[in-house]
Amino acid sequence: MSIARRIAELSEEIRNYPTPIARCDEQLTALLEERSLLLSKLEILRENGKCSPLATWTNDGGFNAA
């Protein structure tokens, strides 16, 4: 699974997380932390030039982006 796809899945899960959210909710915190870590990794990959512009566009959803 690509990093971008996992970020999209996490974002969707976070958007649809049931409310009300308790301050001590560990599951939501874990989702947010995982997404933040993956976003950082993706940014590092982009900065280091590991992804070509086409690969970046494709991984961001290309024509199917939200």
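From a predicted model like this one, the values you see are computed outputs, not experimental measurements. FYI, side chains are in, hydrogens and waters are out, and symmetry mates aren't considered; it's all heavy atoms of this structure.
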Q: Tell me, please, which residues at least two apart from R15 pass salt bridge (charged side-chain N to carboxylate O under 4.0 Å, His left out).
A: E12
Q: Apply salt bridge (charged side-chain N to carboxylate O under 4.0 Å, His left out) to E34 and list each qualifying residue two or more places apart in sequence or on a separate chain.
A: R6
Q: Report whether L37 and I7 are members of the same hydrophobic cluster (ILVMFWY, side-chain heavy atoms less than 4.5 Å apart, transitive linking).
A: no
Q | Polar side-chain atom of S40 near backbone of S36 as donor-acceptor pair, under 3.5 Å | A | yes
Q | Closest heavy-atom pair and its distance - L38, I3 | A | O-CG2, 3.7 Å
Q: Would you check if E13 and Q27 make a side-chain contact, meaning some heavy-atom pair closer than 4.5 Å?
A: yes
Q) Can you tell me how far CG of L28 sits from OG1 of T19, rounded to the nearest 0.5 angstrom? A) 11.0 Å
